[in-house]
Every structure is written in structure tokens, then in C-alpha cells.
Amino acid sequence: MEKKSIDKDELKNLLEMYDIGKKPLAKLLGWGETTIVLYAGMKTIPDNEYTQKLYQLYRDKNSFQELLINNGDKITGVAYRKSLTKLYKPILESRILLIAQYIIDTCPGTLSQAHLDVILLWSQILSLKFLGKPVFDDIYQPTKGNGNSPYKTVAEGFKNSVFFSNSTLSPDKLIDEQTKEIISFVSEMFSWYGERAFNSLLAAERFRLCGPPQEKTRRSVSNELMKKIYGELFEQAKVKKIKDVETFIFKRLETIRKKTVSSLTDKEKKVPLN
């Protein structure tokens, strides 16, 4: 049976997660002031519509964000600011998570992890090439358990639901215009492709940067080395302007597709017929 209501430990964690007191939370929800105080004092919390609502807030930060923004006038300004700060703290303390949240906020629809990873990686590559600086300081470092995901912090953030589907954080105010232009270009460039293309491209870039998995040529790539590797690649491919990258990506993905189809065809030929 699917769990729907909150338990005592989860209620305690809920209050800590959002740095909010029992009475302010009750006020946000439009309940009696002592409702959550009473639940917190029980050995076993009952299953009802109130405790189910608390469980929803515990499981979904987007729900709490919406509640806080819509009903924030029901609590003191101090309580509101404390809770809002705690809600966004992980993102505000990490440049790469801030950039990731900005991408999520500005791209239409829901992004998969692979889609987000591709935009982050290629925004970094193009910023290094055309602006001479990284978008974020995190280095390329695929880790065990995260597949071809290039950035551990983002992979863990995605896994732990750090991001909001539509934040009110306004991260664009913390990002310079040149960086936003790079991200916008990359986001639009990859809006034409699907999940299979994203995963194939991430695997191909990992091979390019780190070599075959079994050889483990490199475990990580600094931003300076990435700038050198893709600078040489773009020079060979005659990529001189940022607009040239779109054609480069199209050709690269088409090459990957043909290799994949050819590989599958070869495997089928080796299967004996009954």
C-alpha cells in the first residue's frame, strides 16, 4: 500500500528542511495554530487529510514553494525570509546548480537529466571557446553510478530533487548577459533532439575526453584542458563563429547515428538463423 501520510520523524525533518516553526507552517496552510504542535507531540500520527498534505510538502519542494509564495503574507516577514532562504540554499551556494536551475526555468517543458547535462556541458565548452571563461568552476568528471553524466553535483542534485520545476528564485539576475546568450543558444540548438541523441552524445564526449572506459585514460578533465581539446577540434572542423556550432553538432550526431545503426546491423548479421 502506497504511503500517503507523514510520520513523526518526517514531520521533524519537514520543519528543519524549510526552517519553519510549527505555528507558522500551520498558518501558511490556513489551519489552527496548534494543529502541527499537536501532531508533533503524538507518538503515532494519524492518517488523515492534514497529515497527507504535510507528507506532500515533505516529498515535494515545489508544493512548499507554491504554498510559501501564495500564502507568505500569513506569516511574519522574518519567518518568510528564513524559510525562503533555506528552500533555495543548495542552489544559491553552488554556481553550477544555479546555472542548472536557470536552464530548467528558461527551457519549455520538463528536462531529463541527460538533456540538462548536454546543455550544461556544451554551454561550458562554448563559453571556454568564445568567451575565454568557464560558466562554472566544476570540472568534467563522470563518476561511478552516474553513467555519462559529466558533473557529479548536478547528477546528485537531480537525484535528490534539489531543482524546482519552475522556481521563483529568478537566477537570471545572478548570471551575466554573455553567459545567458551562450546558454540560450545551446538550449535552442538541442531543442530539436531527443533523449537517445542526448545519451549518445554524452557517451561520445566521454570517449573523446577520457578514452575507452576499460582504459581509463583520464578520470577528469580540467576546464583548461577542455578548452584546448575543443579548440583543436573546432579548428579542424572549421568552426569559427558560434553559429557554426549548430552545423557541427548536426553532423556529429548524424555520424554517431550512422555508427550506431551500422553496429546494430553487424550484430544482427552475426546472429545465427534457426
Side-chain angles (χ1 to χ4, degrees), residues 90-107 111 113-143 146 148-158 163 169-193 197-198 201-211 217-253 255-256:
I91 294 171
L92 290 170
E93 290 182 342
S94 168
R95 172 72 176 178
I96 194 170
L97 294 184
L98 182 75
I99 294 294
Q101 184 63 62
Y102 172 74
I103 292 168
I104 292 168
D105 288 348
T106 53
C107 285
L111 295 187
Q113 183 180 334
H115 192 171
L116 177 61
D117 282 338
V118 163
I119 295 174
L120 283 167
L121 175 60
W122 278 90
S123 294
Q124 184 79 319
I125 291 168
L126 298 195
S127 185
L128 288 167
K129 166 65 178 175
F130 295 104
L131 299 182
K133 63 179 183 179
V135 174
F136 42 80
D137 290 333
D138 296 57
I139 63 170
Y140 180 92
Q141 191 173 24
T143 53
N146 291 325
N148 294 312
S149 183
Y151 303 108
K152 181 181 178 182
T153 302
V154 175
E156 291 181 347
F158 209 92
F163 303 113
L169 180 60
S170 299
D172 59 301
K173 295 177 181 177
L174 303 171
I175 302 169
D176 64 89
E177 290 302 320
Q178 284 185 314
T179 297
K180 285 193 281 189
E181 286 174 11
I182 290 278
I183 293 171
S184 177
F185 174 82
V186 174
S187 297
E188 174 61 25
M189 179 171 65
F190 284 112
S191 66
W192 295 93
Y193 300 98
F198 302 142
L201 187 58
L202 287 170
E205 301 310 338
R206 182 172 184 171
F207 186 91
R208 178 189 300 283
L209 292 167
C210 299
T217 307
R218 297 190 189 99
R219 293 183 182 274
S220 64
V221 179
S222 69
N223 287 326
E224 277 303 312
L225 181 55
M226 181 178 284
K227 180 180 179 181
K228 180 176 182 294
I229 290 171
Y230 284 95
E232 292 172 353
L233 175 64
F234 287 160
E235 188 174 342
Q236 292 170 7
K238 294 183 170 54
V239 173
K240 297 180 180 178
K241 304 184 297 293
I242 193 168
K243 289 184 178 179
D244 298 336
V245 178
E246 197 161 5
T247 302
F248 171 82
I249 289 293
F250 174 79
K251 290 179 178 178
R252 181 144 171 71
L253 283 169
T255 300
I256 293 170

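Just so you know, these numbers come straight off a predicted model, no measurement behind them.
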Interatomic distance, F207 atom CZ to I256 atom CD1 [nearest 0.5 angstrom]: 11.5 Å
Any side-chain heavy-atom pair of Y193 and L201 under 4.5 Å: no
Could you give the distance from CD1 (I139) to CZ (R219), rounded to the nearest 0.5 Å? 12.5 Å
NZ of K152 to CD1 of I96, rounded to nearest 0.5 Å, is 13.0 Å
Kindly indicate whether the side chain of N148, heavy atoms from C-beta on, has any atom under 4.5 Å from the side chain of P142. no
Kindly indicate whether the side chain of P171, heavy atoms from C-beta on, has any atom under 4.5 Å from the side chain of I91. no
Go through the steps for M226 and E205 under the test side-chain contact (heavy atoms from CB on, under 4.5 Å), then give the verdict. CA-CA 11 Å; M226 181 178 284; E205 301 310 338; over 6 Å; no
Non-hydrogen side-chain atoms of S184 and E181 separated by less than 4.5 Å: no
Considering all heavy atoms, the nearest F163-V154 contact: CE1-O, 4.1 Å
Non-hydrogen atoms of I103 and L111 that approach each other most closely: CG2-CD1, 3.7 Å
If I take atom OG from residue S94 and atom CG from residue D138, how far apart are they, to the nearest 0.5 angstrom? 6.0 Å
Determine whether D172 and D105 make a side-chain contact, defined as any pair of heavy atoms from C-beta on separated by less than 4.5 Å. no
Smallest heavy-atom separation, F185 atom then I242 atom, equals CZ-O, 3.2 Å
Between Y140 and L121, is any pair of side-chain heavy atoms under 4.5 Å apart? yes
Using a 4.5 Å cut-off on heavy atoms from C-beta on, say whether the side chain of L202 contacts that of P150. yes
Enter the distance from S187:OG to H115:NE2 here, rounded to the nearest 0.5 Å. 7.0 Å
Assess whether side-chain contact (heavy atoms from CB on, under 4.5 Å) is satisfied between D244 and F234, documenting all intermediate values. CA-CA 9 Å; D244 298 336; F234 287 160; over 6 Å; no
Nearest heavy-atom pair of A197 and L253: which atoms, and what distance? O-CD2, 3.8 Å
In short, L174 meets R95 closest at the heavy-atom pair O-NH1, 3.4 Å
Using distance only, find each side-chain donor-acceptor pair of residues 123-137 under 3.5 Å and give its atom names and separation, not counting sequence neighbours.
{"unit_1": "S123", "atom_1": "OG", "unit_2": "I119", "atom_2": "O", "d": "2.7"}
{"unit_1": "Q124", "atom_1": "OE1", "unit_2": "V135", "atom_2": "N", "d": "2.6"}
{"unit_1": "Q124", "atom_1": "OE1", "unit_2": "F136", "atom_2": "N", "d": "3.4"}
{"unit_1": "Q124", "atom_1": "NE2", "unit_2": "F136", "atom_2": "O", "d": "2.9"}
{"unit_1": "Q124", "atom_1": "NE2", "unit_2": "N223", "atom_2": "OD1", "d": "3.1"}
{"unit_1": "S127", "atom_1": "OG", "unit_2": "K133", "atom_2": "O", "d": "2.6"}

Is the shortest heavy-atom distance from the side chain of L225 to the side chain of R218 under 4.5 Å? yes
Run the numbers on F198 and L116 for side-chain contact (heavy atoms from CB on, under 4.5 Å), then give the verdict. CA-CA 9 Å; F198 302 142; L116 177 61; over 6 Å; no
Where Q113 and F158 come nearest, the two heavy atoms and their spacing: N-CZ, 3.3 Å
As an exercise, state the distance from CZ of F250 to OG1 of T255, rounded to the nearest 0.5 Å. 9.5 Å
Using 4.0 Å as the upper bound for N to carboxylate O, is an ion pair formed by K227 and E224? no
